[in-house]
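Working notes for the structure below.
Values in this document were obtained by computation on a predicted structure and should not be read as measured data. Reminder, nothing fancy here: chain letters follow the sequence lines and each chain counts from 1.
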Amino acid sequence: MIDVLSWVLLGVGGLLGVIGGIGIHRFPDFYTRLHAAGTTDTLCAILILLGLGFQAGLSLDAFKLFLIFVFLFFTSPTASHALANAAMHGGLKPQLGRENGSGKA
Amino acid sequence: MYIAVTIAILVTMGLALARALMGPTVYDRIAAVNMFGTKTVLLIAVFALFSGRTDLLDIALVYALINFIGVIAVLRLVEHGDFHSNPESRAKQDKQGSE
Amino acid sequence: MKVISFGVLLFALWALLSGYFSPLLLSLGAISVALTLYLANRMNVIDHESYPLHLYSKFPLFFAYIMREIVIANIDVVKEILKIGSKGISPQVIKLPLPQQTDLGRAIYANSITLTPGTVTVELDKNFVTVHALTKEGADELLSGEMSVMIPDQLADK
Amino acid sequence: MHNLILRVVSKVLIPLIILFGLYVQFHGEFGPGGGFQAGVIFSAAIILYALVFGLEPAEKIIPKSILHLLASFGLVLYAGVGFVTIMLGGNYLEYGLLGSDQVSGQLIGILLIELGVGITVASVMLIFFFSFAGRGRP
């Protein structure tokens, strides 16, 4: 039962990663791509680490996985923010407004 | 199943690497490298449990750490061009730079 | 007092990392914790920001909330990427008021915004936070201010 | 108010990074790791501090003279262990002679050697960083 759950988590996590990877190629400008990268960085990592945690069971390994998770939980939004902040200060203007499926992204 | 996850992560890393190579702006490249690093951490974690060598989890942790510090350092270098200027004085520089 | 409890916490972390409980390694752990505390003190990084003891009771609720938000927002962004049932992206830059009183509260709020995909904190000021949102819906949700009440902050600074 | 998020997050992380570096230092013989990696992690914590809070405060934490002293001390420690084993009638770095029996002697020897490597690597890394980062400073 736990095995099935952990495989589902790992599978969904991996899939999310790939979708995020597609996202950083489909979105039109830097800021929107940052959102796609953010997707994979957060939920994908959470799901995969949780799935691995179920595999590891209640042990020191699970604690280390938890530590990695905590670390990513702190650093990944911080890095995203630092990137966005630096880009904005560097004078990179975001594309704004609704882009109604012009097909070219 | 470990294999499937590994392949998924590798595909993502490939896509991120492509963006890092293509990326029109330098920020695109840094974002892609950051994503690549996070995926590497996950890859090491998956491999550690797959092979049963769970001491590799320490390395995953170290990689997460170095990745974060590396991105911050590169961003500072891109933004300031050096490491020794005071972070607080950035506001002034920005005003001059954007003119 | 704060330093002592921080030291106990660090020592627990050491024991869990190590997994060996021989006297030698435990004493090395004690030395390591002492050195860490000394350096942290020199760097002046132990304060209510790095070690928010007074907020611990609020974290579980906040954690559950932020997890739910992350999942919901992820589904939205995935829809946009795959272009399934979406209206197309409409990037926005919006400015939100920042009701949090402390630096810690502000930082947690800003990071929560970034953690939920679809919104990234671009700039953090004393009273405002500038956010880049992927869709109008995401921006509207932030503007409703629902997240900001969840941030554990009110107890800070006593 | 600049870099507020970075400042708060770094404050949380830096003590943990230092402790983690020391953990790697002292578990060299049980898992992956040892002196070199530990030295790098340890110096990474200080470099993060320098990146977020500025170079000058970071240089104040461990003064340059002490860094130079530590870099040489680590080397002396390493070589010293080797010479002590020669004095005791063995080969260079034959740890077994350091303790009452082979096993405890090896444990002590490895710990001391790794400590020497760790101290030297950490201080040399920091010297590198400080001298490169400080280039062109008025």
Side-chain angles (χ1 to χ4, degrees), chain A residues 12 15-16 18-44 46-47 50 59-64 66-67 73-89 93-103 105, chain C residues 12-13 15-21 50 59 63 66-84 86-94 107-125 129-139:
Chain A
V12 176
L15 199 66
L16 262 176
V18 176
I19 291 173
I22 297 169
I24 60 171
H25 284 274
R26 271 203 176 173
F27 280 163
D29 80 327
F30 164 71
Y31 294 95
T32 47
R33 276 180 216 132
L34 201 57
H35 293 302
T39 317
T40 58
D41 271 4
T42 52
L43 197 57
C44 162
I46 292 170
L47 290 178
L50 198 64
S59 63
L60 287 176
D61 299 336
F63 175 72
K64 274 181 188 153
F66 177 71
L67 217 57
F73 197 79
F74 273 112
T75 57
S76 117
T78 310
S80 290
H81 162 74
L83 267 163
N85 194 333
M88 200 59 108
H89 280 278
K93 296 268 183 300
Q95 282 178 25
L96 297 180
R98 194 168 284 274
E99 173 203 34
N100 265 323
S102 54
Chain C
L13 179 67
L16 280 170
L17 271 174
S18 155
Y20 293 95
F21 296 99
S50 65
F59 270 130
F63 193 72
I66 197 76
M67 279 298 162
R68 211 197 72 203
E69 286 299 303
I70 288 175
V71 172
I72 293 173
N74 255 292
I75 294 170
D76 286 347
V77 175
V78 165
K79 270 191 201 158
E80 295 296 339
I81 292 174
L82 298 180
K83 304 204 166 126
I84 303 170
S86 72
K87 305 182 195 100
I89 54 172
S90 52
Q92 323 246 322
V93 175
I94 52 172
I108 295 178
Y109 185 32
N111 260 0
S112 313
I113 291 173
T114 315
L115 261 176
T116 48
T119 46
V120 171
T121 310
V122 177
E123 182 87 70
L124 191 61
D125 261 321
V129 50
T130 312
V131 176
H132 183 275
L134 185 61
T135 59
K136 192 166 183 320
E137 291 73 30

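There is no contact between C:Ile75 and chain A, counting heavy-atom distances below 4.5 Å. A:Phe63 touches chain C through its side chain: at least one heavy atom from C-beta onward sits under 4.5 Å away, while N, CA, C and O do not. Residue C:Ala110 does not touch chain A at all, counting heavy-atom pairs closer than 4.5 Å. Residue contact with chain A, scored on non-hydrogen atoms closer than 4.5 Å, is absent for C:Thr130. Only the side chain of A:Leu67 comes within less than 4.5 Å of a heavy atom in chain C; its backbone stays farther off. Of the two parts of C:Leu17, the backbone and the side chain both hold a non-hydrogen atom closer than 4.5 Å to a non-hydrogen atom of chain A.
Summarising the geometry, atom NZ belonging to C:Lys79 is positioned 12.5 Å from atom CD1 belonging to A:Ile19; distances are rounded to the nearest 0.5 Å. Separation of atoms CZ (A:Phe30) and NE2 (C:His132) is listed at 9.5 Å; rounding is to 0.5 Å. From A:Ile46, atom CD1 reaches atom CD1 of C:Ile70 across 4.5 Å, with rounding to the nearest 0.5 Å. The distance from atom OG of A:Ser76 to atom CG of C:Leu115, rounded to the nearest 0.5 Å, is 6.0 Å. For the atom pair OG1 (C:Thr114) and NE2 (A:His81), the distance works out to 7.0 Å, reported to the nearest 0.5 Å.
By the 4.5 Å heavy-atom criterion applied to side chains, C:Ile81 and A:Phe27 are counted as neighbours.
With respect to chain A, the highest number of heavy-atom pairs below 4.5 Å among C:Val120, C:Val93, C:Val71 belongs to C:Val120.
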**Message:** Could you go through C:Leu16 and A:Phe66, starting from their C-alpha distance and side-chain angles, then the distance that decides it, and tell me whether this counts as side-chain contact (heavy atoms from CB on, under 4.5 Å)?
**Reply:** CA-CA 11 Å; C:Leu16 280 170; A:Phe66 177 71; over 6 Å; no
